[in-house]
Enquirer: 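Before anything else, here's the structure in question.
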Amino acid sequence: MSPRGILQEVEKYREIITVWEPRNRATMWHASDLCAHCGWCKIYGTPGPFCPRKLDRDKILLSPQGWGPARNIVSFTGGDLYCQTRFYIETFKLIKKEFPDIWIHIETNGYGLTKKNLEELYEAGLDSIWLDMKAFSEDRYYILCGTTNKWILELPAQIVDLGIILEIVLLYIPTIVEVDEFEKFGNLVSSVDRSIPTMILAFFPEYRLTSLRTPSVDEIVQAYRILKSYGLENVKIGNIGVFCRDEECIRKLIEVVGRENIAL
Ligand code: SF4
């Protein structure tokens, strides 16, 4: 798609927005405060078992990604080309010029976000970043991504200093990214800002990592507790369906960490 083509999509999307968020909530992390995406209110006319009960049913739409509110955020996900800033700069500028009330969010592993690229994207209108940090230790990062994570570890501080909204994603990958890595991430994030929204996700085996397993509930809870022990104030657990197979498991998890700390 060209930048103008994307602008046209944003224009169409803007027409169906049902929830207007302030800039500091331009994250995926905050979306789970509003809706558990079950669709009950639309299908059965009643809130689902885990509904946060914050939105009227007329705010909920069915999109290709499922049920939920349409928030005033456009997100660039999957296929991470942030080393090619020219395309994004042109696109972000167009969006911001036409629709300054739409927040621009990107999902990235951070590899393309050198300091210069980050500053250019920010100046073009980038509002928020979902930073999937993969692993802290360079050797483990190399196993996963085949390269260094040197400047990725510096990104949380740089992003916060620039005034871009940051959310951090940490994936629990048994045998590669376990509690020792979560300790290091806890230390890193707490040294930047303890209020950074942080999401723990559960790995599921695909492609070249099919020999690995998904994490257990206990492992995920342990990772959560480690991050909390570093004073992180906003930690949520996502991808629940990967390690919880039934409603009873979800209810037990809620008993342990609290409903507000689970992204459904
Ligand atoms: S508002 Fe969201 S969580 Fe609540 S019933 Fe509707 S779709 Fe489900």
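Predicted, not measured: the structure shown is a model, and the values here were computed from it. This chain uses plain numbering: 1 for the first residue, then up along the sequence.
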Enquirer: Centres of the Phe76 and Phe92 rings: under 6.0 Å?
Expert: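 Yes: the rings meet the under 6.0 Å criterion.
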Enquirer: Check this for me, if you would: do Glu181 and Lys184 make a salt bridge, where the nitrogen-to-carboxylate-oxygen distance has to be below 4.0 angstrom?
Expert: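 Result for this pair is yes, salt bridge flagged.
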Enquirer: Closest heavy-atom contact between Phe203 and Leu171?
Expert: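 Residues Phe203 and Leu171, closest heavy atoms: N-CD1, 3.6 Å.
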Enquirer: Which residues pass the side-chain contact (heavy atoms from CB on, under 4.5 Å) test with Tyr13, not counting sequence neighbours?
Expert: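 Once residues adjacent in sequence are excluded, the partners of Tyr13 under the side-chain contact (heavy atoms from CB on, under 4.5 Å) criterion are Ile16, Ile17, Ala70, Val74.
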Enquirer: Are Met28 and Ile60 linked, directly or through other ILVMFWY residues, by side chains that come within less than 4.5 angstrom of each other?
Expert: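 No: no chain of side-chain contacts under 4.5 Å links Met28 to Ile60.
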Enquirer: Ignoring hydrogens and geometry, is there a side-chain-to-backbone donor-acceptor pair from Lys42 to Asp58 under 3.5 Å?
Expert: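 Such a contact is absent between Lys42 side chain and Asp58 backbone.
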Enquirer: Grab the two heavy atoms, one from Thr148 and one from Tyr141, that are nearest each other, plus how far apart they are.
Expert: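 Shortest heavy-atom separation between Thr148 and Tyr141 comes out as O-CE2, 3.6 Å.
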Enquirer: Spell out, yes or no, whether Phe243 and Leu227 are grouped together once hydrophobic residues are joined by side-chain heavy atoms under 4.5 Å, including indirect joins.
Expert: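 The answer is yes; both residues are in one hydrophobic cluster.
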Enquirer: What residue pairs, at least two apart or across chains, pass salt bridge (Lys or Arg N to Asp or Glu O under 4.0 Å) with a residue in residues 219-246?
Expert: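 Found Asp33-Lys236, Arg213-Glu219.
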Enquirer: Could you walk me through whether Ile95 and Thr91 satisfy the side-chain contact (heavy atoms from CB on, under 4.5 Å) test, starting with their C-alpha distance in whole Å, then the side-chain angles of each, then the deciding distance to 0.1 Å, before giving a yes or no?
Expert: CA-CA 6 Å; Ile95 294 171; Thr91 307; 4.0 Å; yes
Enquirer: Does the side chain of Lys115 reach to within under 4.5 Å of the side chain of Leu118, using non-hydrogen atoms?
Expert: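 Answer no - side chains too far apart.
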Enquirer: Flag the pair Lys12 and Glu9 as a salt bridge only when some basic side-chain nitrogen lies within less than 4.0 angstrom of an acidic carboxylate oxygen.
Expert: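 Judged by the 4.0 Å cut-off on N to carboxylate O distance, Lys12 and Glu9 do form a salt bridge.
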Enquirer: Determine, for Lys252 against Glu248, whether the closest basic-nitrogen to carboxylate-oxygen distance falls under 4.0 angstrom.
Expert: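 The answer is yes: the pair qualifies as a salt bridge.
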